[in-house]
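Here the structure comes first, spelled out in structure tokens, and everything after it is commentary.
Just so we're on the same page: letters track the sequence lines, and every chain starts at 1.
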Amino acid sequence: MPELPEVEVVRRGLERWVVGRTIASAEVLHPRAVRRNAGSLPDRLKGRTAASVERRGKYLWLPLLDSEDITAGLDGLDGLGREVGAGEVAAGEALIAHLGMSGQLLVVDPLTPTEKHLRVRLTFTDGGPELRFVDQRTFGHLLVAPLAVRLPRPVPEPIAHIAADPLEDVFDDEEFATRLRLRRTGMPRRTEIKRALLDQSLISGVGNIYADEALWRARLHWARPTETLTTTKIAELLAAVREVMAEALEQGGTSFDSLYVNVNGESGYFDRSLAVYGRRDRPCPRCGTPIRREPFMNRSSYSCPKCQPRPRNAHP
DNA sequence: ACCGCAACCTGTACGC
DNA sequence: TGCGTACAGGTTGCGG
């Protein structure tokens, strides 16, 4: 699914409906959905309170407060204050969620009939709406893990390898431009621009839809070698990524079907504004040329043959 | 160290 | 109607 705009829509829903509530129970209906916690998830959630809802790229997490933290009036982020190692302070734990290809987090009345693909159900001590994790393909999962304070932003340990996303203040445009062309070792990076956009350790939150849409806006073919991009072109591409994501967010995200919905089960409507994705043989909104579809990484890439000519130095 | 690909799942659409 | 194939918004782990 869900790419950054769709996940942000879910984050906002959770912020409104879940923050400040204390978990009464967690029921796991499919072990694969909690595979990284192997049986311990319910015990680690019971009695804890969601302090906030954070997002980086396509990951969501809810920092968890213990009841002692609340009675002590601490903010839950650095309440324990234990030294763990150089540059890190223990900050308790967080409930992490990744929606994979088909995951949904739904806030529903407890009497709502069980969804066919319900994987985890969280109930709250106030007896109010439940939080349900529904996931047809079970590529998504929930996980409770330590939250380490790392400057400039606290992030759960299991997602320490995920780069900042382009809508975060801490995203470093210059570092991104450098890393697009150079490996950490200083050797030139040999890859194509779309592969790089989808690499969540370089820039997070971009998936197949928004990669294609941003490349179309920046007039770049997906197979363009990153080492041939100018600093100016990279800046244009980043601007296009931010622009298309901001527009999608305004419209509640992209939904081709009921698989991609907010916490209340409602679809976004940015699909009507897509220029190329899923639009093979339909006219390019800029020049009228029929959009082409090409196989790419066991998926598809959509582009305009005229606005986005295949680079001559790309592999055929 | 890096890169590209198969694997992990379920459901739908389509051609024969 | 049934069957086989292709494809779907993502991440991981492994081989080269």
Problem set entry | Base-pair map of DNA chain B as dot-bracket, where | denotes pairing with a different strand and pairs are Watson-Crick or G-U under 3.5 Å | .|||||||.|||||||
For this session: Check the hydrophobic clustering (I, L, V, M, F, W, Y; side-chain heavy atoms under 4.5 Å; chains of links allowed) and say if L167(A) and I234(A) are grouped together.
Result: yes
Problem set entry | Leading and trailing nucleotides of DNA chain B with any atom under 4.0 Å from heavy atoms of chain A | dA1(B) to dG11(B)
For this session: Using a heavy-atom cut-off of under 4.0 Å over every strand shown, decide if Y210(A) touches base, sugar-phosphate, or nothing.
Result: nothing
Problem set entry | Rounded P spacing from dA7(B) to dT5(C) in Å | 16 Å
Exercise. Whole-Å distance between dT12(C) P and M101(A) CE?
Worked result: 14 Å
Problem set entry | Cationic tip of R12(A) above W17(A) ring, under 6.0 Å, 45° of axis | no
Exercise. Considering only heavy atoms, which members of residues 132-144 of chain A lie under 4.0 Å from some atom of DNA chain C?
Worked result: R137(A), F139(A)
Exercise. With sugar-phosphate meaning primed atoms plus P, OP1 and OP2, does Y59(A) contact a base, only sugar-phosphate, or nothing at under 4.0 Å between heavy atoms?
Worked result: sugar-phosphate
For this session: With heavy atoms under 4.0 Å as the rule, sort H161(A) into base, sugar-phosphate or nothing.
Result: sugar-phosphate
Problem set entry | 5' precedence on DNA chain B between T185(A) and M297(A) (nearest-nucleotide basis) | T185(A)
Exercise. Going through the distances and angles, do Q251(A) and S273(A) end up as a side chain to side chain donor-acceptor pair (under 3.5 Å)?
Worked result: CA-CA 9 Å; Q251(A) 309 204 40; S273(A) 304; 3.3 Å; yes
Exercise. Taking NZ, NE, NH1 and NH2 as the nitrogens, is one of them in K194(A) or E192(A) under 4.0 Å from a carboxylate oxygen of the other?
Worked result: no
Every protein N/O within reach of nucleotides 13-16 of chain C N/O, cut-off under 3.5 Å:
none

Seminar exercise, completed: Between the CD1 atom in I96(A) and the CG atom in L143(A), the distance rounded to the nearest 0.5 Å is 4.5 Å
Exercise. Could you state the interatomic distance from CG (L142(A)) to CG (L131(A)), rounded to the nearest 0.5 Å?
Worked result: 8.0 Å
Seminar exercise, completed: dist R121(A):CZ -> E115(A):CD (nearest 0.5 Å) comes out at 8.0 Å
Exercise. Are a donor atom and an acceptor atom from the side chains of S303(A) and R292(A) found within less than 3.5 Å of each other?
Worked result: yes
For this session: Report the distance from atom CG of N298(A) to atom P of dT12(C), rounded to the nearest whole Å.
Result: 18 Å
For this session: Determine whether the side chains of S52(A) and E54(A) contain a donor N or O and an acceptor N or O closer than 3.5 Å.
Result: yes
Exercise. Base, sugar-phosphate alone, or nothing: which one does R293(A) contact when heavy atoms must sit under 4.0 Å apart?
Worked result: sugar-phosphate
Problem set entry | Distance, nearest 0.5 Å, that separates CG of D165(A) from CZ of R56(A) | 7.0 Å
Problem set entry | Same-atom distance (P) from dC3(C) to dC9(B), integer angstrom | 23 Å
Exercise. Can T226(A) and T191(A) be counted as having a side-chain donor-acceptor contact under 3.5 angstrom?
Worked result: no
Exercise. When all nucleic acid strands are considered with a 4.0 Å heavy-atom cut-off, which category describes S255(A): base, sugar-phosphate, or nothing?
Worked result: base
Exercise. Without hydrogens or angle criteria, can the side chains of T138(A) and R32(A) be said to hold a donor-acceptor pair below 3.5 Å?
Worked result: yes
For this session: Examine Y269(A) and Y260(A) and state if one hydrophobic cluster contains both, with Ile, Leu, Val, Met, Phe, Trp and Tyr joined whenever side-chain heavy atoms are less than 4.5 Å apart.
Result: no
For this session: Just grab all the ring pair (Phe, Tyr, Trp, His ring centres under 6.0 Å) pairs involving residues 33-70 of chain A, residues at least two apart or on different chains.
Result: Y59(A)-H98(A)
Exercise. Would you say the side-chain atoms of T254(A) and D271(A) include a donor-acceptor pair closer than 3.5 Å?
Worked result: no
Exercise. dC7(C) P sits how many Å from F296(A) CZ, rounded?
Worked result: 15 Å
Problem set entry | DNA chain B contacts among residues 242-250 of chain A, heavy-atom distance under 4.0 Å | none
Exercise. What distance separates L99(A) CG from E3(A) CD, expressed to the nearest 0.5 Å?
Worked result: 12.0 Å
